[in-house]
Amino acid sequence: MKKNQNFGWFQKKLFLRMKLTILTLIFCAMQVSASTILRGQNLNLQIENGSIRDVLKSIEKESSYRFFFNDSFTDLDKLVHLDIKNGTLADVMDELLSSSDMSYKLMTDSLVVIAPKNELQQKKVTGTVTDAKTGEPMPGVNVLVEGTITGETTDADGKYSITAVNEKSVLVFSFVGYEPYRQTVGTRAIIDVQLSPTTTSLDEVVVIGYGTARKADLTSAVSTVKASDVLKNRSIGSFEVGMQGLASGVHVIQNSGEPGGGVTVRVRGMSSISAGNDPLYVIDGVPFFNNPKQLNLQGWQQTGWLSTETNPPNTSMAAINPNDIESIEILKDASATAIYGNRGANGVILITTKKGKAGQNKINFDMSFGWQNLARKVDLLESKDYVTYNHEMLDYLASLGQTSLFQRFPDNASDVNTDWQKELTTRNAPITDYNLSFSGGNQGITYFISGNLRKENGIIPLTGFERQSIRANLETRISDKFNAGIDMTISYARQENGFFNEGNLGFTLNGGDQRFINQPVVRAYNSDGSLNTVNPYPDLGAVTDRFISPIRSKANPMLDELNTTTYRSLGNIFIKYQIFKDLSFRSSMGIDFINVQREQWRPKNVYYPQDNYNIGFAFLSNVRFPSYIWENQINWIKTINDHSLNVTAVYAMEWHNRFSLRASTQNFLDNNLKYNDMTAGSQVNPTQSNQTSWQSVSYAGRINYSFKSRYLVSASLRADGSSKFANNPFGFFPAVSAAWRLSEESFLKDLAFFDNLKLRAGWGANGNDDIDPYQTLLTYGVVQYPFGGALAVGVKPNLLPYPDLTWEKTNMTSGGVDMTVFRGRIDLTAEYYYKRTNDLLLVVNIPAASGFATMLQNVGSIENKGVDISLTTQNLTGKFSWSTKFNFSLNRNKVLKLSGARDAKGNRQNYIYLSPETGTYGTRIEEGHPLGEYYGHQFAIFHNQEELLAIKNRGIVGLGAQAAGIDVTGPNGVKDSLITDLDRVWLGNPAPKYTFGLENTLAYKGFNLRFFFNVSQGNMLWVQNYQPITKGPLIKKYFDDRWSPTNTDTDIPRATDVFGSGNGIWDASFIRLQYATLSYDLPANVTGKLKIGGLRLFVTGQNLFVITEYPGYDPEVSAAGNNAILQGIERAGYPKSKTWMVGINLQL
Amino acid sequence: MKTKTLYLVLLFILFGSVGCEKFLKEDIYSSITPGNFFKTEDDLKQALVGCYEILGAPGTTYRWYYTFNFIALTEYPSDVVCAERTGSAARKSLDQYTFASDDFHMQQIWSACYTGIARANALIKYAPNVQMNEATRNSLIGEAKFLRALHYFNLVRFFGDIPLVTDIVANANEALLPRTPKAEVFDQIIEDLKFAEENIIRNVAASNEYGKVGKVAAKLMLADVYQNRAGNDYASTYWEKAATKASEVMSMYDAFYGGTGDVKLMDSVSCWGAGGLWEWANRNCKEFIFQRQATATYNSTIIQPFFFLHSQDQPEFWGVGTFTIEPAFYLQFDSVKPNYDKRRDLLTNKYKAILPQNAGKIFLAKFPGPLKYWEKTNTASSENFSNPYPIYRYAEALLIYAESLNEWKTNPSTAYGTTGTAYDAANRIRARAGLPPLSGLTRENFRKAVWKERHLEFFIEGKRLFDLRRTKTLVEVMNNSDRNGGFNYKKRDYSGNPISKLGRVLDDHFLVFPIPSSEVASNPNMTQNSGY
């Protein structure tokens, strides 16, 4: 029973409790045999001048009673006289302790606990909790005895009753949305309490880099998205979708409608061309690796720096179960992100997962299910018009003496009129989501454990998404100074999407979107109900497989697959140690094990225009990606009078390793085995493997100082060393910011108008090192060459090393105002920022005489500037409440400088050479223009023969076209009647001019209705599929508005077989009802009767409608994923769905 | 306890500050580091494989060389292939001479040539340090020099004056080189080829190393370089050199002239039968002296689908192939028996459907497609083909001999050494094609006859454009050719007139291509060719 004297009171209690628990268990087990003997045991004691301690010892010797006490009680050494014969234990103890300040308690038959009197004296306290404003009783309020596990909740009438308290106990009353209230019990037996709603969010604590801060003390731009506001009652698949439109300055785009599909997140614009624009995600303090290119291998494509290729969809994010998230903080300006150094340039998203709270043991069960349907049907031609178009086109060409690639449909072709959108989508595709969590704890340990199971079926059959994940967040209190814990998640995510994903850019380049939509004249099913797999028009000029039903059914020999399975184990263990009162230390070791497997299958006999495969193709890739991070952190917090100081120092090491393997096989005899047995393909392609790794070391420090909570200053500096930069491993990223809380000044404080008024400004530097390793070293790679068909292995230099390579540097200056008025009724934040990125990691053309065409260098700069505004208003409070959240973002992106090389004529090269091949994707990077702006030929209608004949190189536009590029200029700056690359012009910007979100919440009694509009204005979209040609589907608009001698005022060509006529640029501005959720909480008197903590029912709809001019499926689309150069490109992406879900949330 | 924890904290902090430099060093797994390279004979051989690899480097678009870009750049701008049905604006602009200096084919071939040169330069520089048999080493260096000469020969023929670099380039600044006059580049080419000719041990590649350079290849290329140097200067001394080198190839290696038998002229030009030059089984026969090699799975070629011998049954590809043979070219072959030109059979417009729905069905293409390089056993239409691409074949030695001997001796009837007259050589080619021998021609008429022979013999082998440039007949031929011959397809414009293929009227500045714009922009010492 000896204990370390240094352990504090709290810890003693902890140990006591732990031991008691164990002893109780043991004694319970022994009870059956021992109880009869022990009960009624009487004692004989005769003590002269013995200490209490001695007495207890002798009792232990004589009887089977065992005492449990803290050795350090000084009272134990008091001397006593005792003379008791045949006394009960109570007789002995009462007399023994009568002179001391101690009391005792018989725990089981033979265990006696001795403790100070006030701890063991128990009393009962009752009372009522009411709302301070309305005076109404508040059910469900947590009443906790501070520092214990004892707790109750108020009943339907707001009443509680709590025992096992003593006079020194402190009761803590807490309820979501209300200020917690502490009350010492004292002598009172009835304690009534009034709780006040939280009027301002100023005391709210937000997570910042390597720490937390009071919102009031922030000097930088941090957006907080509370999971309870955003993710609750929505049953969404990913947290990024939940963030959409809800935080100003954060632009979230759902790239397509595929289940589990990719999302592009941009914080205050794009600052990089080659090194990535994705924000850094940090989950519970551990950076979360999220580079789709590194994790998700494409079939046979190679990655390039100036890449116009697609970024594959990313299922690694799906590892995070949105239900586990407590809050999401978005660090937007450099003064906040600089503490993340060379990874913070694109903003930092901090995710905090739920933790258990001592004394609040809860079981939470959520179950929801719902249905998805095609959100919008595109207005496509019916067979009758389709055949008319075909005939009109061919008649016209014949009148010119021309033939066409396309043949004439028989008149009766229109007898078949298949609505492919209907045939190819599933109605009411089910979604199910189950989530079960346990949370709680005691003084010694807190826990949150959860499990999630989600299954989404796509609106296209045999596509879908599935997640299984478990999480455990545990923290244990070893002593009052020493904590240790683990946050851990293990997840499985699988995406089955066939080829309907945004990673499939180019697939439909030549073929329209025939994989999804077919021609209406093609039968989906035969009369016997079987799938139509026979070409009804073998002699007609059209791609054969377009005459076969593309219905995704297991019976369809055309069924292709593209599946991605991600296993991810992510977690960190940590210790926290309070060195001195003001000084704490934290060390954590994070591990992130990712394994992504991708399976791809293209069946035999299906023609893929992209790569001419028709012999079956199976592909498997696997990426193994372990990361380790070790972070040590010291915090010093000191307040002396009006000065408060918060100092943080961080030291971190990181190690990443990536091993990839890919194999593919072609030429299958049949379609049976797919990727499940690659030996079934007779043509085996070389298996590739690759291993890379990179490391970093970081030191960071930050000082936050405030005077009277009125003048706030923050300064930070981070030094990052990255193995990717051989000669310049270390970079320094400083930041300073300051804020002035005017509302604390006497001249405003007296006005009582401003709850808060704060001006703040800051500057900071950040970096970006998101490039492949080994760019600064000369290395030789393996090549092969087949002499006489036999491969010989050789080597070649991989690159011309650029040893001085270093980070991209982003400097951001920002300023803002935070204002809360009318007792929290109106809360406004407005910010302006200017961000400039210099020394871009950019691929630069170098003279080929070097042996290489390009090299990665630090040249060029990009700027982003903009305004973020968020406004929250409590329009109505009271029984019926109504609040509105509005946020507005505006960003202007501009490429300022590129390589700056000069040609022989002294002209600076002011754009990046994109070859015409890649240029057909339609973008160009040029100084003075935003990144990703569309560039290409401007199309116009030829109204007559002369206009057409004036163009000399008509091959480029095709004969019979009614629309073609405009001749703008020639080699000498003069129109040359040739349509060449020189005639390309700027066509539009895919970035929105501004976006805003508007959320309304209405509440009445248990009912809560939230609905959210997401608005994007001025963003352009480039359709690269729905071509006005007869080989794919035909948008009705192209038919209705086509040029004809009687309809000349149009920009849509006449019926033509020419590909790509018309430029397909659309204004993709939209207003979307992103979601609406209605929930109902069962009143407390009902839940009280049911003896449950709470029960909520909800119904929610996602993507309920969208208003836009764009006639396709959805104006928000990105066929190239999060590629910086190709945005807003539509290429037969997975159509978006409208989802309705109903759910239940049960708290026990 | 407290002290212990403090120690622990201190330990953590201390641990963090040591070994940082070592920790930040990059670990390399999947590449070879240069420190220990170029040390052994094996290293040298591996580096040489790297030199060959550039000829058909797979995948990496910017380096497609003899798999695609060379063919596109030599065939579209000449008078064999047209881009009638391709969807690519870039190919159309090559075909119609509307290309500009940002043409990506030019950019890529420029880049590929210099990448090959840089690899060869490194080998040539480091090889002398390797301890090994002297003769073997010089033979390896000879191969690298041959390949370097080949890249420079292509560069001068495509672009005229170009930067000459024969040493390794350590950083981007060292590559900011000015252009070297064509004549100096040719001197380097000739010097390299002479070294190769002398030092390469093998005459021709053995069966297990097809694709490697032998002495014969060096001699034949030297003959070609000399002939190119002569250009249209009929008094040039290079004619003699060209004829002599060609004669050496013939007399030393062709058993027909009493040589070793390392090379021979195949019995027929057919793509069928044991003696057929273009029979798939004979793809590495003794007529092919130097070829770019490929396998279906590595360095695979894209020639076949682009010429499109097999069909996907897709009408938009009917006779489309990216490289569509001009009907006008097809009509140039004699088709009236008995003088039927057998080489005409290497063009066809019939092809068999392979999709099950139409299996076996014969479709008639609207344009003819070639049967050269036809990988009969491979019916896929993907890029995965293994057809080699001939860079030099023996027939060219005979035609170089015929042409240069005629110029050197100023008539086709004067014999030289054991290899006979210009007539003898030319008529061997004609005889194989089933044509009557040439006779009684003047120097000028014989010259034209050989030009035509080369045109018909080497179509889609990347020779024609360089012939038109060398002989300065490009402008005349391209501006005047009837580019709309019959072949079952007459393309007419709205007025019923044949369409002129060219987007503009040509002049002599088209005898070279523009320097790629990316080069001009990235190198202040680079000038552009006049007219561009």
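These numbers come from the heavy atoms of this one structure, side chains and all, not from hydrogens, waters or symmetry mates.
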Nearest-0.5 Å distance, CZ of residue A/Phe730 to CG of residue B/Leu24:
5.5 Å
Heavy-atom contact with chain B under 4.5 Å, split by part of A/Val795
both
Could you tell me the separation between the CD atom of B/Gln293 and the CZ atom of A/Phe787, rounded to the nearest 0.5 Å?
8.0 Å
Using heavy-atom distances under 4.5 Å, tell me whether A/Glu631 contacts chain B through its side chain, its backbone, both, or neither.
neither
With rounding to the nearest 0.5 Å, note down the distance linking OH in A/Tyr780 to CD1 in B/Ile28.
12.5 Å
Part of B/Ala206 lying under 4.5 Å from any heavy atom of chain A:
neither
Measuring from atom NZ of B/Lys25 to atom CD of A/Gln695, what distance do you get when rounded to the nearest 0.5 angstrom?
10.0 Å
Between A/Thr692 and chain B, which part of the residue has a heavy atom less than 4.5 Å away: side chain, backbone, both or neither?
backbone
For B/Thr115 and A/Phe852, indicate whether the former's side chain and the latter's backbone hold a donor-acceptor pair under 3.5 Å.
no
Closest non-hydrogen atom pair, B/Thr295 against A/Pro786
CG2-CB, 3.3 Å
Determine the option with the most heavy-atom pairs under 4.5 angstrom with chain B, choosing from A/Ser722, A/Gly721, A/Ala849, A/Ser850.
A/Ala849
Is there a donor-acceptor contact under 3.5 Å from the side chain of A/Tyr774 to the main chain of B/Asp27?
yes
Value rounded to 0.5 Å, distance of OH in A/Tyr785 from NZ in B/Lys212
11.0 Å
Between A/Ala848 and B/Tyr114 the two heavy atoms that sit nearest each other are O-CB, 3.0 Å
Under 4.5 Å, counting heavy-atom pairs only, tell me which of A/Asn690, A/Asn798, A/Val844 racks up the most with chain B.
A/Asn690
When every non-hydrogen atom of A/Ser723 is compared with those of B/Glu26, the smallest separation belongs to O-CG, 2.8 Å
Heavy-atom cut-off 4.5 Å, strictly under: side chain, backbone, both or neither for B/Glu519 against chain A?
side chain
Out of curiosity, B/Ser111 OG to A/Ile846 CD1, how far, rounded to the nearest 0.5 Å?
9.0 Å
Would the distance check show the side chain of B/Glu209 and the main-chain N or O of A/Gly788 forming a donor-acceptor pair, the cut-off being under 3.5 Å?
no
